[in-house]
Amino acid sequence: MAKLFAGVGTSHVPGIGAAVDHKKTQEPYWKPLFDGYEPAREWMRREKPDVVIIVYNDHASAFSLELIPTFAMGVAGQFQPADEGYGPRQVPVVEGHPELAWHICESLIMDEFDMTMANEMPVDHGLTVPLSIMCGEPEAWPCKVIPLAVNVIQYPQPRGSRCYALGKAIRKAVESFDKDIKVAIWGTGGMSHQLQGERAGLVNEPFDTAFLNDLTADRQRLINIGHTEYMRESGSEGAELVMWLIMLGAMDEDAREIYRHYHVPASNTAAGLIILENG
Ligand code: DHB
Ligand code: FE
């Protein structure tokens, strides 16, 4: 049977992708951030997941205000990098896993999570930047990817507790798939950041550190954080962290922290990364 063995939480700041694409990772501004990614890349090379479920938000690239799915799973064989205004990133095409993706959708819908299925979904920085962070610049991405797009752009947004419950249901779905494959789940976005308004540039390091700690120390506290608290403490875009709770829902209560990296600033954002493994 398939095994969901690991979870990763990581920021998906577009500037990190631009630094990779424009060969700036060794410049003084970016080097400390990328040095901290190296152990995560080593982990990825060592563990070789067959499939990664990447939980991310679409930033008005595949969807717009005309259509706002709360949870959309990509069931296609391929996903093209999106054009976000500067042409698509020159990164490999993202290969999907339709058989597992449809299996997960069926299991989730039977468990009363009313998923949207996407047969065509260009993927933006929310998904491709985490791949660059974890995999560097390969000719082809080293794993299949199942994109799971979550609406954290337009209110009303799903609560953290709902995201966590979805993660639990994803674990059950994956582990009822009848093939011996290694599956990981990545929650992306965050950490604290606000891109607009009076508090643009807000970073709250104590909030982020407590969030990273409580992924293993007190998950109930994280599950109960509401959007008002995310807004107040971590900025309007800090609420992207609910997507990490989908990852957390798929992890054992006693999942182990394997690695973490936290660095400010990356663009206007506090960049965090954590790797958790199930027992
Ligand atoms: C930025 C955009 C994001 O989607 C994000 O999560 C972090 C930062 C940005 O434009 O800097
Ligand atoms: Fe974002």
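What you are looking at is a predicted structure, and each value in this text was computed from that prediction instead of being measured. Start at 1 and go down the list; that is how both ligands and their atoms are numbered. Hydrogens, waters and symmetry mates play no part in the numbers below; they use all other heavy atoms, side chains included.
- Residue pairs meeting the side-chain hydrogen bond (donor to acceptor under 3.5 Å, both in side chains) criterion with at least one member in residues 88-97, sequence neighbours excluded, are Asp21-Arg89, Gln78-Glu95, Arg89-Thr128, Arg89-Ser132.
- The aromatic rings of His227 and Tyr155 lie perpendicular to each other, with more than 60° between the two planes, well past the 30° mark.
- Here His59 pairs with His12, His125 under the ring pair (Phe, Tyr, Trp, His ring centres under 6.0 Å) rule; sequence neighbours left out.
- Using a 4.0 Å cut-off between charged nitrogen and carboxylate oxygen, Arg45 and Glu38 count as a salt-bridge pair.
- Paired with Leu148 under the rule side chain to side chain contact (heavy atoms under 4.5 Å, CB included), one option of Ile104, Asn57, Leu166 passes, and it is Leu166.
- Using a cutoff of 4.0 Å between basic side-chain nitrogens and carboxylate oxygens, Glu175 and Arg171 are scored as salt-bridged.
- Between Asn204 and Arg232, the side chains place no donor N or O within less than 3.5 Å of an acceptor N or O (distance only, hydrogens not considered).
- With waters left out, the protein N, O or S atoms under 2.8 Å from the Fe ion (ligand 2) add up to 3.
- Side chains of Glu237 and Gln196: a donor-acceptor N/O pair is present below 3.5 angstrom, by distance only.
- The contact shell of ligand 1, taken as protein residues with any non-hydrogen atom closer than 4.0 angstrom, comprises His12, Val13, Pro14, His59, His125, His193, Leu195, Glu240, Ser267, Thr269.
- Relative orientation of the His263 and His261 rings is parallel, given thresholds of 30° and 60° on the angle between their planes.
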